[in-house]
Novice: 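Sharing a structure with you now.
So that the names make sense, note that chain A is the first sequence line, chain B the second, and so on, each numbered from 1. Keep in mind the model is a prediction, meaning the values are calculated, not measured.
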Amino acid sequence: MTEEKSLNFLEEIIDNDLKTGKYKSIITRFPPEPNGYLHMGHAKSICLNFGLALNYGGKTNLRFDDTNPVTEETEYVESIKHDIKWLGFQWAEELYASDYFEKLYEFAVLLIKKNLAYVDDSTSEEIAKQKGTPTQPGTDSPFRSRTIEENLTLFTDMRAGKYKDGEKVLRAKADMSHVNMHMRDPIMYRIKHAHHHRTGDAWCIYPMYDFAHGQSDAIENITHSICTLEFIPHRELYDWFIKNLEIYPSHQYEFARLNMTYTVMSKRKLLQLVNEGHVSGWDDPRMPTLSGVRRRGYTPKSIREFCDKIGVAKRENLIDVGLLEFCVREDLNKIALRRMVVFDPLKVVITNYPEGKSEVLTGEENPEDANSGIREIPFSRELYIEQEDFMENPPKKYFRLAPGQMVRLKSAYIIKCDEVIKDANGKVTELRCSYIPESRSGSDTSGINVKGVIHWVSAATAVPIEVRLYDRLFKVEDLGEAEGDFKDYLNPESLLVKTNVLAEPAIHKANKDDRYQFLRTGYFCLDPDSTADKLIFNRTVTLRDMWAKEAKKN
RNA sequence: UGUCCGAUGGUGUAACUGGCAACACGCCUGAUUUUGAUUCAGGAAAGUCCAGGUUCGAGCCCUGGUCGGACAACCA
């Protein structure tokens, strides 16, 4: 297999940088702000940054971009670290922008001394006005011409806490008429008398993103600083600071962020969902957060596979969630243990099976995995099958049970429906069937071929469990326009809890690390809320298109 | 009125220095199947935003348009 996988544009750049000797090895970084939980969009970035370093023999730093104390918390730091490890990646160094506060301060002083930064007393409104518009040049601040000495003193005083929030800022002296708005004397430092999750009250001035990110990259000798498209206009400023500070020339590259159908992928909106109580928390199984999909049963491997499949480019994209679900099923099919579970029970009595008799049949744990072994399944005279698996007046292509028809009970016998019992309202309450003794699974000598195979549980040994069926949180495919208040787009049926679902006894072996396929319904995993006497399962994904053909043909 | 980024089947991503537009998801057909799943075989679907140009030859190069997105937080 010499087949070469085509390179994405970043791999091409790195390939070239390595070939030409620009770098001996590469260093990337994953730079989350600890102001929320990681989501699928971050997974794309993580797989990209860590994956690139892995493939090219480099390393990746985890750096928390914690330059805004009012939004950041230690809880988020911990969850982020946990999620990255869970995804299967290990960072070379754990760093914080806040580690560089002293260094960044020195950088700022250096720029003041080079007459490339000044303290501005203007209000934020005044500064906004000075900036002009994308089509009109800005105007100089009246404080732009302060002397170096004066700026030095004022900046020292800012740090010393002599001013209130918003009273003064430090601005870069760039070009107020630059076509790029970000070059119009951007703010480098602002005053915030706020408690920082790591530096506590040591500082009351904090660097802005633009004055922290590039320098942090430079300090760490990051060779390829990869971020999303919206930072393209920042690149010029990124380079400007690096050039004027004469530090390591890290370079910024941009790629298009992940968008998925029926999914919001903005931290701001996810926070809103949490705060307004539309979901139970950041790890609600309907959330696109890593903690959410983990709780729902998605595997790290399937997410990595997904990130690989969606590729990397610079054009805007909207990925169908179906692709993610495909990746999840692909992995789960290989590892999930098979169990029979009946959601809406319909009683079946096998009239020719002796009363009081029972036997233990066996079934494969997982037919896709030869080493998975077998499980025991008790069989007896009274069973439950899925109501959906019986139709009194079946359409043409219906292969399951109907009056006078035969089906196989998975891993057991072929049965024939002889009689339908209804209550006063005409509702079917019980089926009387006969079984074919020679048709026992594994030793079938009956010669009978049936097309339908259904799942079942023995009434005497069935275990009641609780099942949580999760559907899409949103009703609309593209939430691009769903700004601000997206209550209108929420799907009220996104969560369906079913109690007293009946499962075969093997369900008792349930383990939180295992994945299950409930035969013919979908993939499930044990929810952390489960206890020994109350097993709760979350539905990961449904089985693919189980009834699609039938629906189409009817 | 500006600057920057982008445009390839329904979706996403490819196509080495110009050389028969490929792969995956989805869709359709058939086979196998004690899960209507899985697996397997096959198929439909774009002629590459438009108009010119260079060339034996353009998705790739040139010129001019069109459309979409980003940019005016003391957020990142």
Novice: Ignoring backbone atoms, establish whether R544(A) has a side-chain N or O less than 4.0 Å from OP1 or OP2 of rU38(B).
Specialist: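 Looking at the OP1 and OP2 atoms of rU38(B), one of them is under 4.0 Å from a side-chain N or O of R544(A).
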Novice: Would you indicate, yes or no, if rU34(B) has its OP1 or OP2 atom less than 4.0 angstrom from a side-chain nitrogen or oxygen of R400(A)?
Specialist: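 No, because none of the side-chain N or O atoms of R400(A) sits under 4.0 Å from OP1 or OP2 of rU34(B).
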Novice: Applying the Watson-Crick and G-U wobble criteria at under 3.5 Å, what pairs with rU63(B)? Answer none if nothing qualifies.
Specialist: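 Result: rA51(B).
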Novice: Tell me what S443(A) touches on the nucleic acid: a base, only sugar-phosphate, or nothing, going by heavy atoms under 4.0 Å.
Specialist: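 No contact.
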Novice: By the 4.0 Å heavy-atom rule, please label D65(A) as base, sugar-phosphate, or nothing.
Specialist: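 D65(A): backbone/sugar contact only, no base atoms under 4.0 Å.
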Novice: K334(A) near the nucleic acid: base, sugar-phosphate alone, or nothing, with a heavy-atom cut-off under 4.0 Å?
Specialist: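 Counting heavy atoms under 4.0 Å across all strands, no contact is made by K334(A).
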Novice: Without swapping roles, check the side chain of R146(A) against the backbone of V119(A) for a donor-acceptor pair under 3.5 Å.
Specialist: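 Such a contact is found between R146(A) side chain and V119(A) backbone.
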Novice: Provide the Watson-Crick or G-U wobble partner of rA44(B), both distances under 3.5 Å; none if there is no partner.
Specialist: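 No nucleotide pairs with rA44(B).
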Novice: Considering only the C1' atoms, how many Å lie between rG68(B) and rA14(B), rounded to the nearest integer?
Specialist: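 Taking atom C1' in both rG68(B) and rA14(B), they lie 22 Å apart.
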Novice: Which base sits across from rG68(B) as a Watson-Crick or G-U pair, both distances under 3.5 Å?
Specialist: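 Result: rC5(B).
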Novice: Can you check the distance between rU29(B) and rA22(B), where both ends of the measurement are the C1' atom (answer in whole Å)?
Specialist: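 After rounding to an integer number of Å, I get 23 Å for this pair.
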Novice: Using the side-chain heavy atoms of Y209(A), tell me which of these nucleotides is nearest: rC5(B), rU35(B), rA76(B).
Specialist: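 Nearest to the side-chain atoms of Y209(A), counting from C-beta on, is rA76(B).
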Novice: E364(A) side chain to G373(A) main-chain N or O, any donor-acceptor pair under 3.5 Å?
Specialist: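 Here the side-chain-to-backbone pair does not exist.
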Novice: Using a heavy-atom cut-off of 4.0 Å across all strands, would you classify P32(A) as base, sugar-phosphate, or nothing?
Specialist: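 It contacts nothing in the nucleic acid.
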Novice: Would you please say whether a donor-acceptor pair under 3.5 Å links the side chains of S45(A) and N49(A)?
Specialist: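 Result is yes, a qualifying pair exists.
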Novice: Write down the distance separating the P atoms in rC67(B) and rC62(B), rounded off to the nearest Å.
Specialist: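 Looking at atom P only, rC67(B) and rC62(B) are 22 Å apart.
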Novice: Whether the side chain of S441(A) and the base of rU34(B) hold a donor-acceptor pair under 3.5 Å is what I'd like checked.
Specialist: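 Such a pair exists between side chain and base.
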Novice: Does rA58(B) pair with anything, Watson-Crick or G-U wobble, both distances under 3.5 Å, and if so, with which nucleotide?
Specialist: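 The base-pairing partner of rA58(B), which may sit in any strand shown, does not exist here.
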Novice: Quick one: label R440(A) by what it contacts on the DNA or RNA (base, sugar-phosphate, nothing), any heavy atom closer than 4.0 Å.
Specialist: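 Answer is base: heavy atoms of R440(A) come under 4.0 Å of a base.
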Novice: Remember a base hit wins even if backbone is also touched, and classify V169(A) as base, sugar-phosphate or nothing at under 4.0 Å, heavy atoms.
Specialist: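 Here V169(A) touches the bases of the nucleic acid.
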Novice: Does the rU39(B) base have a donor-acceptor partner in the side chain of E368(A) within less than 3.5 Å?
Specialist: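 When only heavy-atom distances are counted, E368(A) does not reach the base of rU39(B) through any donor-acceptor pair under 3.5 Å.
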Novice: Since syn is defined as within 90° of 0, does rG47(B) count as syn or as anti?
Specialist: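 That one's syn.
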Novice: For rC20(B), which nucleotide is its Watson-Crick or G-U wobble mate, given both distances must be under 3.5 Å?
Specialist: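 rC20(B) is unpaired by these criteria.
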Novice: Say you pick atom P in rG69(B) and the same atom in rG26(B); how far apart are they, in whole Å?
Specialist: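 Straight-line distance between the two P atoms is 30 Å.
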Novice: For F101(A), check ring-ring contact (aromatic ring centres under 6.0 Å, His included) against everything at least two apart and list the hits.
Specialist: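 Here the qualifying residues are H196(A), W203(A), Y206(A).
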Novice: Sort out the partner of rA14(B) for me: Watson-Crick or G-U wobble, both distances under 3.5 Å, none otherwise.
Specialist: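 Looking at the geometry, rA14(B) pairs with no nucleotide.
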Novice: So what does S439(A) touch, heavy atoms closer than 4.0 Å: a base, only the sugar-phosphate, or nothing?
Specialist: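 Base, at least one base atom sits under 4.0 Å.
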Novice: What nucleic acid atoms does L318(A) come within less than 4.0 Å of, heavy atoms only: base, sugar-phosphate, or nothing?
Specialist: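 L318(A): backbone/sugar contact only, no base atoms under 4.0 Å.
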Novice: With a 4.0 Å cut-off on heavy atoms, is Q517(A) in touch with a base, just the backbone sugar-phosphate, or nothing at all?
Specialist: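 Touches a base.
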Novice: Please report the distance separating the P of rU1(B) from the corresponding atom of rG65(B), rounded so that it comes out in whole Å.
Specialist: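 To the nearest whole Å, 13 Å.
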Novice: Heavy atoms under 4.0 Å, any strand shown: does T71(A) hit a base, just sugar-phosphate, or nothing?
Specialist: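 Answer is nothing: T71(A) stays at 4.0 Å or more from every strand.
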Novice: For rA37(B), give its Watson-Crick or G-U wobble partner with both distances under 3.5 Å, or none.
Specialist: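 Across all strands, not a single nucleotide pairs with rA37(B).
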Novice: With rounding to whole Å, what would you report as the distance between rA45(B) and rG10(B) at their C1' atoms?
Specialist: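 It works out to 9 Å between them.
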Novice: What's G452(A) touching, base or sugar-phosphate or nothing? Going by heavy atoms closer than 4.0 Å.
Specialist: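 Nothing, no heavy atom under 4.0 Å.
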Novice: If you count every heavy atom of other residues, nucleotides or ligands that lies below 6.0 Å from R257(A) atom CZ, does the total exceed 12?
Specialist: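 Atom CZ in R257(A) is not packed in, count stays at 12 or less.
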Novice: Is the F143(A) to Y118(A) ring centre distance short of 6.0 Å?
Specialist: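 Distance test on ring centres: not under 6.0 Å, no.
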Novice: Just to be sure I understand the rule, does H455(A) reach a base, reach only the sugar-phosphate, or reach nothing, if contact means heavy atoms closer than 4.0 Å?
Specialist: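 No contact at all - H455(A) keeps every heavy atom at 4.0 Å or more from the nucleic acid.
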Novice: Would you measure the distance from the C1' atom in rC5(B) across to the matching atom in rA44(B) and give it in whole Å?
Specialist: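 Here rC5(B) and rA44(B) have their C1' atoms 35 Å from each other.
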Novice: Would you measure the distance from the P atom in rG47(B) across to the matching atom in rA21(B) and give it in whole Å?
Specialist: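 Those two atoms are separated by 12 Å.
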Novice: Reckon V312(A) touches a base, only the sugar-phosphate, or nothing at all at heavy-atom distances under 4.0 Å?
Specialist: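 Sugar-phosphate, backbone atoms only, no base.
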Novice: Please check the phosphate of rG69(B) (OP1 and OP2 only) for any side-chain N or O of K314(A) closer than 4.0 Å.
Specialist: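 No, outside the criterion.
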Novice: Just checking F231(A): base, sugar-phosphate only, or nothing, at a heavy-atom cut-off of under 4.0 Å?
Specialist: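 It contacts base atoms.
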